[in-house]
Amino acid sequence: MTTPSTYDFAVIEPKWQDYWKQNKTFKAIDCDTTREKLYVLDMFPYPSGAGLHVGHPEGYTATDIWCRFKRMNGYNVLHAMGWDAFGLPAEQYAVRTGTHPAVTTAKNIQIFKRQLEAFGFSFDWDREINTTDPNYYKWTQWIFAQLYKKGLAYESNEPVNWCPELGTVLANEEVINGRSEVGNYPVIRKPIRQWVLKITEYAQELLDGIDDLDWPEGTKEMQKNWIGRSTGAEVDFKVANTDETIRVYTTRPDTLFGATYMVLAPEHPLVAKITTSDRADAVQKYIEVTHTKSDLDRTETKDKTGEFTGAYAINPVNNTKIPIWISDYVLISYGTGAIMAVPAHDTRDFEFAKKFKLPIICIMTPDPKACEAAGVNIDEVLAGNACWPEDGILMNSSNEEVSLNGLHVEDSKKAITEWLEKKGIGTPTVNFKLRDWLFSRQRYWGEPFPLIHMEDGTVKLVDESELPVILPELENYKPTDDGEPPLARATEWLNVVDPETGMKGIRETNTMPQWAGSCWYYLRYIDPHNNEKGWDSEKEKYWMPVDLYVGGAEHAVLHLLYSRFWHKVLYDLGYVTHPEPWKRLIHQGMILGLSYKDQRGALVPNDLVQEKDGKYFHKETGEELAQLPAKMSKSLKNVVNPDDIIKKYGADAFRLYEMFMGPLREVKPWQTEGVEGVFRFLNKVWRMIVNTETGELVAEISDDPITKDQERLLHQTIKKLTEDIETLDFNTAISQLMIFVNEFSKLQKRNRKAIETFVLLLSPIAPHIAEELWQRLGNENTLAYEPWPKFDEEKLKLDQVEVLVQVNGKPKARIQVPAEADKDQLIEIAKQNPSIMPLIDGKTIVKEIAVPGRLVNIVVK
RNA sequence: GUCCGAGUGGCGGAAUGGCAGACGCACUAGACUUAAAAUCUGGCGAACAUAGUUCGUACGGGUUCGAAUCCCGUCUCGGAUACCA
């Protein structure tokens with residue numbers, strides 16, 4: 001191999017990637033008790049055919065820098081990569097072309113791996129995992145078996161979006177206005193047998209666990225809202241002239257006296273029973289219309305619809321007869337599927353009552369101030385012409401046994417709930433928005449369930465010794481004509497005979513959703529080649545929990561919640577030692593592309609834009625366009641391919657740029673010119689150390705002692721890098737490296753020790769160039785485990801510091817003072833300053849403020 | 001609609017109660033060069049009466065000696081969510 005004299009990343013980068021691979025430099029050592037462990041996790045990618053985009057390496061670079069930094073600080077770091085490789089695109093490709101999804105997947109993984117390796121990430125590649133590998137999904141099936149045995153999996157007929165023309169089930173986002181997005185065919189709601197996981201059984205635990213997590217507050221809030229715990233009461237209402245009782249759920253039992261009607265979900269089981277004959281036709285028609293709508297349609301149209309059933313309920317607090325309606329704004333899946341409507345104090349009920357001219361009775365005097373702040377007229381509320389859903393003082397709310405009058409909402413809730421309980425017609429109740437998890441898909445490319453439907457109607461779990469249940473080969477990946485999943489075509493695989501009893505059975509033909517494999521992958525990295533267990537418990541104890549998890553905010557709820565659920569189950573079963581899998585979580589911000597819009601605000605694809613004198617014009621219409629950041633997309637032609645950038649500037653420049661462009665957590669627009677800037681910086685670093693004519697070290701490298709100013713800059717740089725890398729503030733860390741290079745490049749004598757220290761500081765961020773320079777500086781081993789430089793506070797101190805002097809808050813002078821000068825001394829020096837004296841002379845000094853090392857402010861009158 | 005986040009030069013951003021604009025990009029002047037590139041040095045928020053002064057961190061108010069930063073209200077953009085009684 002030639003040793004280049006100029007900064008030739010195309011030679012240097014493969015050289016060191018090869019070195020790390022050959023020497024297994026980044027091998028994580030299991031159960032090494034001599035060092036502190038650190039488990040750093042990235043969200044593993046779905047290996048799509050499009051290859052890596054610039055968003056992937058953002059989070060991966062951040063964790064890589066952190067890992068390299070922590071290794072130099074003595075940690076035993078576990079950092080690995082794998083493939084979340086089950087999923088729809090490979091299957092759809094298979095349906096179109098007949099190519100087996102495993103073939104497509106293997107090809108895509110190869111591309112992804114080559115791309116990731118080109119970044120020089122310090123993964124322990126010996127721990128690579130793949131969710132579609134039978135040795136991996138064996139344990140996904142095993143975990144399902146544990147859930148099943150614990151009674152957390154059940155079969156249910158769940159309504160799904162069924163498209164008869166396409167013969168398939170569609171996801172909610174694939175259905176638009178009741179028709180399929182592809183082909184515009186009608187879609188109906190059809191109950192299909194599904195496997196469902198009882199995540200609701202863990203709702204409270206999942207909620208309780210959130211508070212102690214070091215996660216972004218917004219994400220924690222989103223999980224809390226998703227779980228959606230509410231407290232209230234269930235109340236029984238008798239149906240007039242029948243023996244039927246309808247139970248409603250309300251969070252506002254205090255408003256019982258204001259209930260003027262009742263609403264049932266159209267699917268409520270009592271609807272048919274209580275509907276009067278004269279209303280039957282209308283009610284039946286309404287139910288049919290509701291059924292053709294998807295959940296999305298039902299919630300999108302805010303305009304309230306409904307029908308009167310003809311029946312009446314008796315309000316138990318005052319024996320008033322109130323009409324019973326049905327409407328799709330009441331959901332069968334939440335609470336009891338029935339509500340009492342209090343239009344005066346609930347906005348949805350108010351809208352409904354207005355539309356159908358139902359009575360509105362105000363039973364609460366709002367706080368006038370709160371009312372005004374909300375822009376609501378208090379008299380309108382009292383007259384029943386406006387809705388007030390907030391706090392207030394109750395009125396018109398009493399019967400012979402209980403009175404809420406004069407009480408606030410909270411106290412009223414307590415009082416009325418106690419009364420309801422005593423009468424045996426109500427109970428305090430907790431409800432969750434969280435629904436059980438629909439866990440099966442009618443697809444081919446997913447984990448088969450380890451389940452057999454036996455002849456006698458029972459379901460048998462496949463014995464652990466027979467796992468994995470391997471996905472069978474198929475010719476045709478489409479669902480069958482009668483709507484069975486593709487696996488129903490695998491006739492040989494399908495039929496089994498129980499070896500013990502001789503009973504026949506049919507395997508489950510649904511497969512697991514893509515979430516399954518990603519629910520526990522962080523446990524497999526710990527022990528990826530174990531054939532006896534999913535993971536060894538000693539290793540689990542050593543490595544878990546994950547210390548830092550970095551990934552996109554789009555997974556804030558689903559993946560992160562599902563995975564926490566599985567982990568809690570495994571914890572309860574004693575397979576893991578911590579109740580939560582990830583201690584600290586960070587979301588990297590999205591990287592946007594540059595795009596252009598015309599005067600009407602329509603986006604114009606980048607290939608139709610031309611630049612002229614710093615302005616942008618439409619190639620065809622000539623209209624001037626405005627530049628703006630927009631999501632990268634094929635249609636806008638603004639996708640940046642990392643391969644192109646690495647080819648032109650190298651991986652170190654790419655890494656440096658993505659970390660320098662702004663704070664990790666923020667959304668940032670990609671600007672290729674910015675890469676040029678950091679590339680220039682790397683060249684400058686190279687020239688600071690290597691003579692580009694000879695390839696030898698530059699003559700300026702010196703063993704002479706360092707000056708005090710240089711030493712201060714060095715220690716400032718160590719301090720800044722140490723602190724900023726710890727907190728993942730890479731953009732400011734890099735700017736400090738630039739300041740160092742700008743100064744040291746000017747020096748005729750560049751102290752060898754200082755230069756070596758700089759190379760170590762640069763190494764986590766730009767590891768290839770750093771290794772190369774480290775070697776050229778005469779070191780034999782990789783710098784990956786060199787001790788991280790330490791800074792000395794004493795060496796950061798200045799003898800003299802500049803302090804700003806303000807008069808009445810306006811900057812007036814800058815003075816040099818001894819660094820240790822205290823407040824009184826500062827004020828004294830400031831007052832004697834020639835440009836300050838005339839400003840305060842003859843005036844009354846009202847106040848004197850001094851902040852040592854920063855400023856003095858003299859307030860005069 | 002609700003919840004969360006963000007608004008600072010031509011651009012990415014820095015400063016989270018103490019000199020607004022570090023560092024970088026773009027632009028610009030100069031040096032080197034036959035020339036260009038690269039490199040080096042300088043300039044680069046706005047206005048004006050230009051060795052200076054005033055204004056300036058989305059907008060309006062407030063707290064403070066002092067606010068980009070804290071508080072109240074408004075607007076705009078981005079993300080999430082969707083009638084959960």
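Order of the sequence lines fixes the chain letters, A, B, ..., with proteins taken first and strands second; residue numbering starts at 1 for each chain. Every value quoted in this text rests on a predicted model; they were computed, and no experiment measured them.
One donor-acceptor pair, N or O on each side, does fall under 3.5 Å between the base of B:C83 and the side chain of A:Lys304. Between the base of B:C19 and the side chain of A:Arg814 there is a donor-acceptor pair shorter than 3.5 Å.
Residues A:Tyr329 and A:Glu351 bring no donor and acceptor atom of their side chains to less than 3.5 Å of each other. In summary, the side chains of A:Gln736 and A:Thr717 do present a donor paired with an acceptor at a separation below 3.5 Å, with no hydrogens or angles considered. With hydrogens and angles left out, the side-chain atoms of A:Ser333 and A:Arg435 include a donor and acceptor closer than 3.5 Å. Residues A:Asp436 and A:Thr200 bring a donor and an acceptor atom of their side chains to less than 3.5 Å of each other. Using modelled atom types, one finds no donor on one side chain facing an acceptor on the other under 3.5 Å when comparing A:Asn431 with A:Ser230. For the residue pair A:Asp729/A:Thr727, the side-chain donor-acceptor check at 3.5 Å is satisfied.
For B:A29, the paired nucleotide is B:U41, the pair qualifying as Watson-Crick or G-U wobble because both relevant distances are below 3.5 Å. Nucleotide B:G18 has B:C65 as its partner under the Watson-Crick or G-U criteria, with both atom distances under 3.5 Å. Summarising the base pairing, B:A58 is matched to B:U74 through a Watson-Crick or G-U wobble pair whose two defining distances lie under 3.5 Å. Both distances falling under 3.5 Å, in either a Watson-Crick or a G-U wobble arrangement, occur for no nucleotide opposite B:G9. The partner of B:U81, taking Watson-Crick or G-U wobble pairs whose two distances both stay under 3.5 Å, is B:G1. The partner of B:A51 is absent, by the rule that a Watson-Crick or G-U pair needs both atom distances under 3.5 Å.
In this structure, A:Glu217 reaches neither bases nor backbone, as no heavy-atom distance under 4.0 Å exists between it and the strands shown. A:Thr219 comes within 4.0 angstrom of no nucleic acid atom, judged by non-hydrogen atoms across all strands. A:Arg435 comes within 4.0 angstrom of a base, heavy atoms only. At the heavy-atom level, A:Gly677 lies under 4.0 Å from the strands shown only through sugar-phosphate atoms. Nucleic acid contact for A:Gln806: base, since at least one base atom lies under 4.0 Å from a heavy atom of the residue. Here A:Ile739 lies in heavy-atom contact (under 4.0 Å) with sugar-phosphate atoms only. Residue A:Asn808 is classed as having no contact, given no heavy-atom separation below 4.0 Å to the nucleic acid. Residue contacts for A:Asn857: at a heavy-atom cut-off of 4.0 Å it reaches a base atom on one of the strands shown. In this structure, A:Pro663 reaches the sugar-phosphate backbone alone: every heavy-atom distance under 4.0 Å involves primed, P, OP1 or OP2 atoms, never a base.
If you measure from atom CD of A:Glu351 to atom P of B:G1, you get 13 Å, rounded to the nearest angstrom. Counting to the nearest Å, the P atom of B:A14 and the NZ atom of A:Lys668 are 10 Å from each other. In this structure, A:Lys823 places its NZ atom 15 Å from P of B:G18, rounding to the nearest Å. Per the geometry, CD belonging to A:Glu848 stands 21 Å off P belonging to B:G18, to the nearest Å. Atom-to-atom, CE of A:Met659 to C1' of B:G13 comes out at 15 Å; the value is rounded to the nearest Å. What separates NE2 of A:His587 from C1' of B:A80 is a distance of 11 Å, to the nearest Å. In this entry the distance linking CD of A:Glu666 with P of B:A15 reads 11 Å, nearest Å. Look at CG on A:Leu721: it is 16 Å from P on B:C23, rounded to the nearest Å.
Cation-pi check for A:Lys304 over A:Phe352 is not met; the charged atom does not lie both under 6.0 angstrom from the ring centroid and within 45 degrees of its normal.
Side-chain N/O atoms of A:Lys684 include one lying less than 4.0 angstrom from OP1 or OP2 on B:C40. For B:C40, the OP1/OP2 oxygens have no side-chain nitrogen or oxygen of A:Asn742 closer than 4.0 Å. Here A:Asn731 reaches the OP1 or OP2 of B:A14: one of its side-chain N or O atoms lies under 4.0 Å away. Close to B:A37, at under 4.0 Å from its OP1 or OP2, lies no side-chain N or O of A:Arg680. A sub-4.0 Å separation between OP1 or OP2 of B:A85 and a side-chain N or O of A:Tyr334 is present. Residue A:Ser230 places at least one side-chain N or O under 4.0 Å from the OP1 or OP2 atom of B:A85.
To the nearest 0.5 angstrom, A:Asp709 atom CG is 9.0 Å from A:Leu713 atom CG.
Relative to the side chain of A:Glu221, the nucleotides B:C65, B:A85, B:C3 differ in distance, and B:C3 lies closest. Distance from the side chain of A:Lys746 is smallest to B:U41 among B:G13, B:G18, B:U41. Each of B:A15, B:G12, B:A85 was ranked by its minimum atom distance to the side chain of A:Thr732; first place goes to B:A15. The nucleotide whose nearest atom lies closest to any side-chain atom of A:Val330 is, among B:C83, B:A85, B:G12, B:A85. Listed candidates were B:G18, B:G24, B:C83. Nearest to the side chain of A:Leu331 is B:C83. Here the side chain of A:Thr250 is nearest to one of B:A85, B:G24, B:U81, namely B:A85.
For the pair A:Met262/A:Val248, a side-chain contact is recorded, criterion being any heavy-atom separation below 4.5 Å from C-beta on.
Mapping A:Lys720 and A:Tyr249 onto RNA chain B via the closest heavy atom, the residue that lands nearer the 5' end is A:Lys720. If you find the closest nucleotide of RNA chain B to A:Val859 and to A:Ile734, the one lying nearer the 5' end belongs to A:Ile734.
Comparing B:U53 with B:A20, their P atoms are spaced 13 Å from each other, to the whole Å. Spacing of P atoms, B:G10 relative to B:G21, comes out at 15 Å, to the nearest Å. Nucleotides B:G17 and B:A85 are separated by 39 Å at their P atoms, to the nearest Å. Separating the P atom of B:A82 from that of B:C77 is a span of 23 Å, rounded to the nearest Å. When the P atom is compared between B:C59 and B:C11, the two are found 15 Å apart, to the nearest whole Å. Using C1' as the reference atom, B:U41 and B:C32 are 11 Å apart when rounded to the nearest Å. For the C1' atoms, the distance linking B:A51 with B:A36 amounts to 39 Å, nearest Å. Separation of the C1' atoms belonging to B:G45 and B:C19 is 16 Å when rounded to the nearest angstrom.
For A:Tyr649 and A:Phe654, the gap between ring centers reaches or exceeds 6.0 Å.
A glycosidic torsion no more than 90° from 0 defines the syn conformation, and B:G9 adopts it.
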